[in-house]
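Notes follow once the structure below has been shown.
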Amino acid sequence: MAANGNGVSTTPKSPLARIQTQKNGGICHDDSGKPVKAQTIDELHSLQKKRSAPTTPLDGVQGTFATISEDERQRQQLQSISASLASLTRGTGPKVVRGDPAGKVQSVSHVAHHHHIEAPTISVSDSSLKFTHVLYNLSPAELYEQAIKYEKGSFITSTGALATLSGAKTGRSPRDKRVVIDDSTQDELWWGKGSPNIEMDEHTFMVNRERAVDYLNSLDKVFVNDQFLNWDPQNRIKVRIVSARAYHSLFMHNMCIRPTPEELENFGTPDFTIYNAGQFPCNRYTHYMTSSTSIDLNLARREMVILGTQYAGEMKKGLFSVMHYLMPMRQILSLHSGCNMGKDGDVALFFGLSGTGKTTLSTDHNRYLIGDDEHCWSDNGVSNIEGGCYAKCIDLSREKEPDIWNAIKFGTVLENVVFDEHTREVDYGDKSVTENTRAAYPIEYIPNAKIPCVGPHPKNVILLACDAFGVLPPVSKLSLAQTMYHFISGYTALVAGTEDGIKEPTATFSACFGAAFIMLHPTKYAAMLAEKMQKHGATGWLVNTGWSGGSYGSGNRIKLPYTRKIIDAIHSGSLLNATYHKTEVFGLDIPTEIEGVPSEILHPENTVSCHPSLSLFFLWIRLDF
Ligand SMILES: Nc1ncnc2c1ncn2[C@@H]1O[C@H](COP(=O)(O)OP(=O)(O)O)[C@@H](O)[C@H]1O
Ligand SMILES: C=C(OP(=O)(O)O)C(=O)O
Ligand SMILES: [Ca+2]
Ligand SMILES: [Mn+2]
């Protein structure tokens with residue numbers, strides 16, 4: 001812009017267009033719609049939300065049994081939660097109210113007034129004077145709001161999933177898992193070498209339980225989930241999860257079976273309760289504690305306490321341990337396996353340690369998904385224990401795993417992923433937080449999920465071994481005896497990240513392909529599996545989803561598309577009738593060809609000349625339980 005010596009612009013200004021005001025009014029007004037009915041802003045806001053309708057009629061049309069009033073039902077529900085949160089030394093539950101302390105409390109203070117359990121006059125403490133606000137079975141939308149408002153590291157990703165951080169722990173802590181040893185568990189459970197059950201006594205459990213309960217009660221609010229495990233209606237287990245974080249509540253909402261409103265009304269007392277104190281540590285001066293993390297299981301009390309870890313997988317896998325105890329007591333086999341079913345009703349199980357491909361391979365666009373991780377096999381067939389899936393998402397791609405990719409949307413919990421700060425697009429290749437990035441979503445997010453998640457007796461039992469040494473062939477057909485051998489020895493690898501301290505695939509022997517979760521001796525599960533496979537004529541297969549043609553570091557992991565072709569050939573029955581030859585070392589039956597898979601990779605001796613670890617490997621494989 002040119003300026004003269006006085007600093008005044010010489011460019012002629014173009015005048016702004018004049019604003020035309022209406023001649024008749026004087027005040028501009030928008031009369032395009034009717035004005036809102038509200039007189040105040042608060043009133044306007046109150047119009048936005050309407051009350052959720054009671055789900056069942058209250059007039060007793062349901063039956064001749066006395067139906068209780070909505071008020072009475074809510075009173076009983078709060079009393080049950082207060083009982084769960086009761087300090088056992090003080091013998092009293094906290095005053096509980098429903099609703100967020102920050103917002104308007106639903107069923108306001110008079111509810112709490114009537115409904116806390118009266119404290120005995122002795123031992124009055126500050127904590128018994130305070131209210132604990134209970135956020136009970138919130139919806140995903142409500143949990144999103146709670147997480148985003150109050151939990152650092154919670155964000156909405158570009159596809160609508162809730163990104164969360166699990167804190168210092170990004171995998172399970174198996175060395176911090178303790179199980180109460182008492183007169184009955186001493187004889188019933190598997191203890192000692194190789195067992196995942198590290199003992200603790202009842203008293204120490206109570207110390208930790210009190211610590212968790214006191215912590216939870218000291219908070220402004222706690223989340224309570226009442227849900228189910230096991231789609232088999234005759235063997236359904238009612239679980240209650242008390243936690244400090246919306247992230248944990250949404251995770252369990254997705255992972256356990258979600259009750260219908262009617263089922264929730266009649267929930268009653270839970271069969272099992274988790275107290276998850278998350279970030280609050282255990283006290284290392286407490287007997288048996290070897291770190292600040294403790295996951296404690298008390299089967300007699302039907303309770304689990306979590307201190308000092310926020311990794312949500314502890315809750316899911318902790319409940320799985322419980323099922324590994326409860327179900328065999330009922331002659332039902334619990335399985336660390338994925339499960340799907342073909343159009344003709346042929347069911348396949350996919351056993352495998354974490355990260356070996358249960359979720360990836362059971363999620364198959366051409367088959368119905370029954371479940372990705374935890375099942376029961378009873379006289380009636382198979383049933384999923386859970387209501388959701390928990391997929392690893394490191395290097396996830398739309399092309400290779402389209403159904404999992406599409407399941408990552410509103411409602412899904414995305415743990416420890418890295419995303420663009422502006423677009424919120426997730427970079428699934430980024431391991432900055434951990435390699436064990438995860439997505440937890442309700443099973444119905446997979447389009448061909450089989451709901452209810454039950455199926456007939458399995459036809460194929462596939463053992464997935466992620467072989468870090470590259471000595472196993474990509475697939476072999478197993479006799480029943482071989483199936484038992486591999487099931488009990490459980491040769492596979494621990495993949496990076498799923499357990500605390502594992503940085504690269506590490507060879508391991510994990511009995512039942514889930515040694516971290518079993519409670520009884522491996523041979524108990526194996527005997528049940530053998531009996532069922534024989535009775536129902538199931539075929540066993542060993543599929544290596546790990547390295548081939550060299551160990552981790554030198555060879556390559558078997559390509560997922562090849563593994564899928566192998567699995568397709570098992571499902572279709574074509575592999576059962578293929579030509580086989582026996583390997584010298586294992587006596588494994590290896591197919592000579594499979595459609596879509598290069599024949600040379602089917603035989604490891606073609607790719608591995610003489611693996612240095614091979615002899616060591618055979619020394620290790622021995623059943624010394
Ligand atoms: N050949 C393969 N078979 C199966 N999974 C593979 C293969 N190669 C790479 N992967 C990857 O390994 C991971 C398997 O994880 P996942 O299916 O979640 O295991 P699990 O459910 O048994 O814990 C996925 O990230 C998958 O993409
Ligand atoms: C969640 C876990 O494993 P999986 O991948 O088998 O679900 C785990 O081991 O903590
Ligand atoms: Ca469906
Ligand atoms: Mn899985």
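Small disclaimer: the values here were computed from a predicted structure and weren't measured. Both counts, for ligands and for their atoms, begin at 1 and track the order of listing.
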Using a 3.5 Å distance criterion without hydrogens, assess whether the side chain of [X] forms a donor-acceptor pair with backbone atoms of [Y].
X      : Y      : result
Lys316 : Phe320 : no
Tyr144 : Leu162 : yes
Asn197 : Trp190 : yes
Ser510 : Phe513 : no
Arg367 : Asn448 : no
Ser572 : Ser574 : yes
Arg172 : Gly313 : no
Arg240 : Phe272 : no

Answer with yes or no whether the side chains of Thr170 and Asn436 bring together a donor and an acceptor at under 3.5 Å.
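Absent: no donor and acceptor within the cut-off.
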
Test item, Ser354 contacting ligand 2 (heavy atom, 4.0 angstrom):
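It does, in that a heavy atom of Ser354 comes within the 4.0 Å cut-off of ligand 2.
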
Could you check whether any heavy atom of Lys392 sits closer than 4.0 Å to an atom of ligand 2, since that is the contact criterion I want to use?
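Per 4.0 Å heavy-atom rule, Lys392 does not contact ligand 2.
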
Below 4.0 angstrom from a heavy atom of [X], which ligand 2 atoms are there? Numbered from 1 as shown, please.
X      : value
Asp373 : 4 (P), 6 (O), 7 (O)
Arg172 : 8 (C), 9 (O), 10 (O)
His336 : 6 (O)
Lys358 : 6 (O)
Arg438 : 1 (C), 2 (C), 3 (O), 4 (P), 5 (O), 7 (O)

Using a strict cut-off of 2.8 Å, how many protein N/O/S atoms surround the Mn ion (ligand 4)?
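That number is 1, waters not included.
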
Atom 7 (O) of ligand 2: which protein heavy atom is closest, and how many Å away?
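Sorting protein heavy atoms by distance from atom 7 (O) of ligand 2 puts Lys317 NZ, 3.0 Å first.
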
With rounding to the nearest 0.5 angstrom, report the CE to CG distance, Met528 to Leu333.
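Those atoms lie 5.0 Å apart.
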
Calculate, to the nearest 0.5 Å, the distance between atoms NE2 and OG belonging to His375 and Ser334 respectively.
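If we round to the nearest 0.5 Å, His375:NE2 and Ser334:OG are 12.0 Å apart.
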
Residue contacts for ligand 1, heavy atom to ligand atom, distance under 4.0 Å
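If the criterion is a heavy atom under 4.0 Å, then ligand 1 touches Leu353, Ser354, Gly355, Thr356, Gly357, Lys358, Thr359, Thr360, Lys392, Glu401, Thr545, Arg557, Ile558, Lys559, Leu560, Thr563.
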
What part of Lys316, side chain, backbone, both or neither, has a heavy atom within less than 4.0 angstrom of ligand 2?
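Answer for Lys316: side chain.
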
Test of understanding: with ring pair (Phe, Tyr, Trp, His ring centres under 6.0 Å), list the residues that count as partners of Trp231, not counting sequence neighbours.
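Listed in chain order: nothing, the list is empty.
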
Among residues at least two apart in sequence or on other chains, which ones pass ring pair (Phe, Tyr, Trp, His ring centres under 6.0 Å) with Tyr247?
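Tyr247: no ring pair (Phe, Tyr, Trp, His ring centres under 6.0 Å) contacts found.
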
Please check whether Tyr390 reaches ligand 2 - meaning an N/O of the residue sits under 3.5 Å from an N/O of the ligand, judged on distance alone.
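No, there is no polar N/O contact under 3.5 Å.
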
So Leu472 and Leu542, side-chain contact (heavy atoms from CB on, under 4.5 Å) or not? Walk me through it.
CA-CA 9 Å; Leu472 292 179; Leu542 182 63; 4.1 Å; yes

